[in-house]
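First the structure, in the form of structure tokens, and then the observations on it.
Heavy-atom basis, side chains included; hydrogens, waters and symmetry copies ignored.
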Amino acid sequence: MPMIEVHTDLPGDVATVLDVSLDLDVERAAGRRHRVRPVPAGPGSRTSGRIGAGERVRWSLRLYGLVPLRHTTQILEVVEHAPGGGASFVDTMVSGAFASFRHEHLFEPLSPAPDGSPRTRSTDRMTWTSPLGPLGRLADALFVRRTLEGLLEDRNAEIARCLRA
């Protein structure tokens, strides 16, 4: 099972970074390159604001401006006060293009910046299984990993921008 792990140091305390990370409007802004947007997915789903445990979101996107995809995820858990002052949340695919997909979002406090302001390390741990066996593994090597890394990079840059605003 392929895995991506990305660490991003962000301005702000853990609670603020968690709130911004759970905001679907931030995700929408971050996904402009692939026209990512939340669309209605029935009861228990959201299209804007802060998403919480048990809620679902269906994402509509166009990879490379050409390939339309739908991907529905559910927030499995949100831990706002983990030991050591951290926090986390986990989302998993309910339906979509992957055979399986899981994204863990981990937040831990860092030592303050030189000016005394709080900082948080965000860790994204994404695992997935592409369908179609060997063809899926080839797709992983050719473009899936790179696309997912780009989506994470865009998302983390937008989170950082919001925290600095």
Compare all side-chain heavy atoms of [X] with those of [Y] and state whether any distance is below 4.5 angstrom.
X: Arg58; Y: Pro40; value: no
X: Trp59; Y: Leu69; value: no
X: Arg125; Y: Leu106; value: yes
X: Phe107; Y: Leu10; value: no
X: Arg145; Y: Asp140; value: no
X: Leu76; Y: Arg102; value: yes
X: Glu153; Y: Val6; value: no

Is a side-chain N or O of Thr147 found less than 3.5 angstrom from the main chain of Phe143, in a donor-acceptor match?
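Yes, the answer is positive, given that a donor and an acceptor are paired below the 3.5 Å cut-off.
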
Is the side chain of Thr92 donor-acceptor paired with the backbone N or O of Phe101 at a distance under 3.5 Å, no angle test?
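Between the backbone of Phe101 and the side chain of Thr92 there is a qualifying donor-acceptor contact (under 3.5 Å).
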
What heavy-atom pair brings [X] and [Y] nearest, and what distance separates the two atoms?
X: Ala82; Y: Ala87; result: CB-N, 4.1 Å
X: Pro11; Y: Arg164; result: CG-CG, 3.8 Å
X: Pro109; Y: Val14; result: N-CG2, 3.6 Å

Drop me the distance from [X]'s [atom1] to [Y]'s [atom2], to the nearest 0.5 angstrom.
X: Ser95; Y: Arg70; atom1: OG; atom2: CZ; answer: 10.0 Å
X: Leu151; Y: Met126; atom1: CG; atom2: CE; answer: 7.5 Å
X: Ser111; Y: Arg119; atom1: OG; atom2: CZ; answer: 4.5 Å
X: Glu80; Y: Leu18; atom1: CD; atom2: CG; answer: 5.5 Å
X: Asp124; Y: Glu149; atom1: CG; atom2: CD; answer: 11.5 Å
X: Ser117; Y: Leu163; atom1: OG; atom2: CG; answer: 11.5 Å

Would [X] end up clustered with [Y] when hydrophobic side chains under 4.5 Å apart are linked, directly or stepwise?
X: Ile159; Y: Leu110; value: no
X: Val67; Y: Leu148; value: yes
X: Val90; Y: Phe98; value: no
X: Met93; Y: Leu152; value: yes
X: Met3; Y: Phe89; value: no

Between Arg37 and Ser60, do the side chains contain an N or O donor and an N or O acceptor separated by less than 3.5 Å?
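Their side chains do contain a donor-acceptor pair, which is all the 3.5 Å distance test asks for.
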
Can Asp91 and Thr73 be said to form a side-chain hydrogen bond (donor to acceptor under 3.5 Å, both in side chains), step by step?
CA-CA 6 Å; Asp91 62 86; Thr73 60; 4.5 Å; no

With Arg28, which of Val26, Leu24, Asp25 fulfils side-chain contact (heavy atoms from CB on, under 4.5 Å)?
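Among Val26, Leu24, Asp25, the one that satisfies the side-chain contact (heavy atoms from CB on, under 4.5 Å) with Arg28 is Asp25.
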
Check each of Arg161, Arg35, Arg33 against Asp154 using the salt bridge (charged side-chain N to carboxylate O under 4.0 Å, His left out) test, and report the only one that passes.
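Result for salt bridge (charged side-chain N to carboxylate O under 4.0 Å, His left out) with Asp154: Arg33.
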
Could you go through residues 48-57 and list every donor-acceptor pair under 3.5 Å that involves a side-chain atom there, pairing it with any protein atom two or more places apart or in another chain?
{"residue": "Arg50", "atom": "NE", "partner": "Asp19", "partner atom": "OD1", "Å": "2.8"}
{"residue": "Arg50", "atom": "NH2", "partner": "Asp19", "partner atom": "OD1", "Å": "3.1"}
{"residue": "Glu55", "atom": "OE1", "partner": "Gly52", "partner atom": "N", "Å": "2.6"}
{"residue": "Arg56", "atom": "NE", "partner": "Gln74", "partner atom": "OE1", "Å": "3.4"}

Check the pair Arg155, Glu158 against salt bridge (Lys or Arg N to Asp or Glu O under 4.0 Å), reporting the backbone distance first and the verdict last.
CA-CA 5 Å; Arg155 181 178 183 278; Glu158 182 63 19; over 6 Å; no

Any chance you could lay out the side-chain contact (heavy atoms from CB on, under 4.5 Å) test for Ser100 and Trp128, step after step, and finish with the verdict?
CA-CA 5 Å; Ser100 68; Trp128 72 94; 5.5 Å; no

Identified side chain to side chain donor-acceptor pair (under 3.5 Å) counterpart of Thr8 within the set Thr120, Asn156, Thr123
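Among Thr120, Asn156, Thr123, the one meeting side chain to side chain donor-acceptor pair (under 3.5 Å) with Thr8 is Asn156.
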
